[in-house]
Amino acid sequence: MILEMVRANGAVSLRELARVVQTSEVTVRRDVRALEAEGLLDRRHGGAVLPGGFTRESGFPQKSHLATAEKTAIADLAAGFVEEGEAVVVGAGTTTQELARRLARVPGLTVVTNSLLVAQALAHANRVEVVMTGGTLRGSNYALVGSGAEQSLQGLRVSRAFLSGSGLTAERGLSTSNMLSASVDRALVQAAAEVVVLADHTKLGSDTMFQTVPTDVITRLVTDEPPAHDDRALTELQALADQGVQIAVAGPGAGSGPAGGGEGGGSAGRQSGRLGPSQGRGGGEEGLPLPGPRRNHPHPPGGPGSAQLRTAVPLAEQPGRVADLAPRRR
C-alpha cells in the first residue's frame, strides 16, 4: 500500500501514510526504511518519494502536501522578522509561499520575487508592492529562472532574503537538485544584507546536488522542532549553531500572533529538546553575539528570543518564546 501511494502521488508524507494504513508514524518509518533498503523508494522531506537520488526533485503538487503543519509554523515565525516599510526578496518554494501569505499584512512592504506563487499570494495586498524578476518559467515549481532572472537582480539591494531549498547541512549549507534554481537563488542572496533560510526539520542533514547558499552566508535558520528521536536533525542544528547560524525554532500553534510589527512582533515558537532556558530579548537579557563571517545585520542578533543549544538538557516548553540557538561554549 505504501508503494502504491508513492507511485500514484510521487511523494507522500509519513503522517499521511500512517493515517491511510492506520498505524503509527514510527511503524510507517520502519517500513519506509525497509523499502528504501530494497531500492523501491527514497526517504525525503518527512515522507517517501520515488527513487532518484541527488538529482530528483518532487513537483509542486507533491511538495505542497509534505510537512504542511511545520511549514505553517515556520512561516508564522519568519513573518515576525519583517518590519513595516522593508524591502525583501523571497525565493521560490512551498514554505516561502506560506510566508508570502503572511507578509500580505505588513504595510509598506516591497517584495522582490522570482516565484509566481509568492506573487499570487501577495497580488491582492493593497499595501505591498510586488516586483517580479524576468526569466524563463520553470513549470515544476512555478518559478522564473535563467539569465533573464539573474540579470534583473543586478544592482538590487534589500534588507534580507528569505529562501528555501531541498536540503540543509552544516558542511555545505543550503542546496537544491536543480541547477537553474540554484543559480537564481545565489543571485537573490547577493542582493540581500541578511539571508534567512526557511527549512523544516526533515531537510536538516539532507544534501542535494547544487549548493545555493554556503553556511557562512546564512544569517538565520527558521525551522520547526525536530522529534526527540531525530538525532540527525538535532546534530545538524548544533553543527549549524556552532558555525554561527542563528536558529529560530517554531513550535506548534506558533501562528497565533499577527505578522509584521518588527522583531518580536511575530508569532511565537517553543524550544527544541536540547535547549536550555530562553535568553535574549524575549527573556529580558541581551541576545548572544554571532561568531564567524557574517554580513552586517540591520537588526541586532537575538530575534524575538534566543537560547543556547546544549546537550543533555530536557525539553522545556515555553509558549510565546522563540528559540534562537547560539554556539556551545567550549
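Just so it is clear, the model here is predicted, and its values are computed rather than measured. Throughout, numbering of the chain's residues begins at 1 and tracks the sequence.
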Give me the atom names and distance for the closest heavy-atom approach of [X] to [Y].
| X | Y | result |
| --- | --- | --- |
| Leu17 | Ala48 | CD1-CB, 4.4 Å |
| Asn141 | Ala92 | ND2-CB, 4.1 Å |
| Val106 | Glu83 | CG1-O, 3.7 Å |
| Thr23 | Val21 | CG2-CG2, 3.2 Å |
| Phe81 | Glu86 | O-OE1, 3.7 Å |
| Ala161 | Val89 | CB-CG2, 3.1 Å |

Any salt bridge between [X] and [Y], counting N to O under 4.0 Å?
| X | Y | value |
| --- | --- | --- |
| Asp207 | Arg172 | yes |
| Arg19 | Glu25 | no |
| Arg101 | Glu98 | yes |

- Task: Report the C-alpha distance between Thr202 and Asp200 in whole Å, list the side-chain angles of each, state the deciding distance to 0.1 Å, and finish with yes or no for side-chain hydrogen bond (donor to acceptor under 3.5 Å, both in side chains).
- Result: CA-CA 6 Å; Thr202 64; Asp200 65 79; 2.2 Å; yes
Check whether any side-chain heavy atom of [X] sits under 4.5 Å from a side-chain heavy atom of [Y], and report yes or no.
| X | Y | result |
| --- | --- | --- |
| Leu221 | Leu237 | yes |
| Ile247 | Val249 | yes |
| Gln238 | Gln243 | no |

[X] side chain to [Y] main-chain N or O, any donor-acceptor pair under 3.5 Å?
| X | Y | answer |
| --- | --- | --- |
| Thr219 | Val195 | yes |
| Thr96 | Gly93 | yes |
| Thr110 | Ala87 | no |
| Asp224 | Ala250 | no |

May I have the list of side-chain donor-acceptor pairs in residues 144-155 shorter than 3.5 Å, sequence neighbours left out?
{"unit_1": "Glu150", "atom_1": "OE1", "unit_2": "Ser183", "atom_2": "OG", "d": "3.2"}
{"unit_1": "Glu150", "atom_1": "OE2", "unit_2": "Ser183", "atom_2": "OG", "d": "2.7"}
{"unit_1": "Ser152", "atom_1": "OG", "unit_2": "Gly134", "atom_2": "N", "d": "3.4"}
{"unit_1": "Ser152", "atom_1": "OG", "unit_2": "Gly148", "atom_2": "O", "d": "3.4"}
{"unit_1": "Ser152", "atom_1": "OG", "unit_2": "Ala149", "atom_2": "O", "d": "2.7"}

- Query: Which is it for Val88 and Phe162 under the side chain to side chain contact (heavy atoms under 4.5 Å, CB included) test, yes or no, and what are the steps along the way?
  - Reply: CA-CA 8 Å; Val88 300; Phe162 293 91; 4.2 Å; yes
Rounded to the nearest 0.5 Å, what's the gap from [atom1] on [X] to [atom2] on [Y]? Could you check?
| X | Y | atom1 | atom2 | result |
| --- | --- | --- | --- | --- |
| Ser115 | Gln97 | OG | CD | 7.0 Å |
| Ser206 | Glu236 | OG | CD | 9.0 Å |
| Leu188 | Thr212 | CG | OG1 | 10.0 Å |
| Arg220 | Glu194 | CZ | CD | 5.5 Å |
| Leu204 | Thr169 | CG | OG1 | 10.0 Å |
| Thr133 | Leu156 | OG1 | CG | 10.5 Å |

- Message: Show, in sequence, the C-alpha distance, side-chain angles and deciding distance for Lys203 and Ser166, and conclude whether the side-chain hydrogen bond (donor to acceptor under 3.5 Å, both in side chains) test is met.
- Response: CA-CA 6 Å; Lys203 298 179 181 180; Ser166 301; over 6 Å; no
- Message: For Arg186, I'd like to know if atom CZ has over 12 heavy atoms of other residues, nucleotides or ligands within 6.0 Å.
- Response: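 Yes, because the 6.0 Å sphere around CZ of Arg186 holds more than 12 heavy atoms from other groups.
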- Test side chain to side chain contact (heavy atoms under 4.5 Å, CB included) applied to Thr215 and Glu171, step by step: CA-CA 7 Å; Thr215 305; Glu171 180 181 1; over 6 Å; no
- Task: Take Arg102 and Asp76 through the salt bridge (Lys or Arg N to Asp or Glu O under 4.0 Å) test and state the conclusion after the steps.
- Result: CA-CA 7 Å; Arg102 287 141 184 86; Asp76 285 332; 2.4 Å; yes
- Message: Hydrophobic clusters here meaning ILVMFWY residues chained together by side-chain heavy-atom distances under 4.5 Å, can you tell me if Met179 and Met209 are in one?
- Response: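 In one cluster with Met179: Met209, yes.
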- Can you hop from Ile2 to Val26 via hydrophobic side chains spaced under 4.5 Å? no
- Can you spot which of Val189, Val196, Val90 makes a side chain to side chain contact (heavy atoms under 4.5 Å, CB included) with Leu163?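 Single side chain to side chain contact (heavy atoms under 4.5 Å, CB included) partner of Leu163 among Val189, Val196, Val90: Val189.
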List, one per line, each side-chain donor-acceptor pair under 3.5 Å for residues 117-128, sequence neighbours excluded.
none

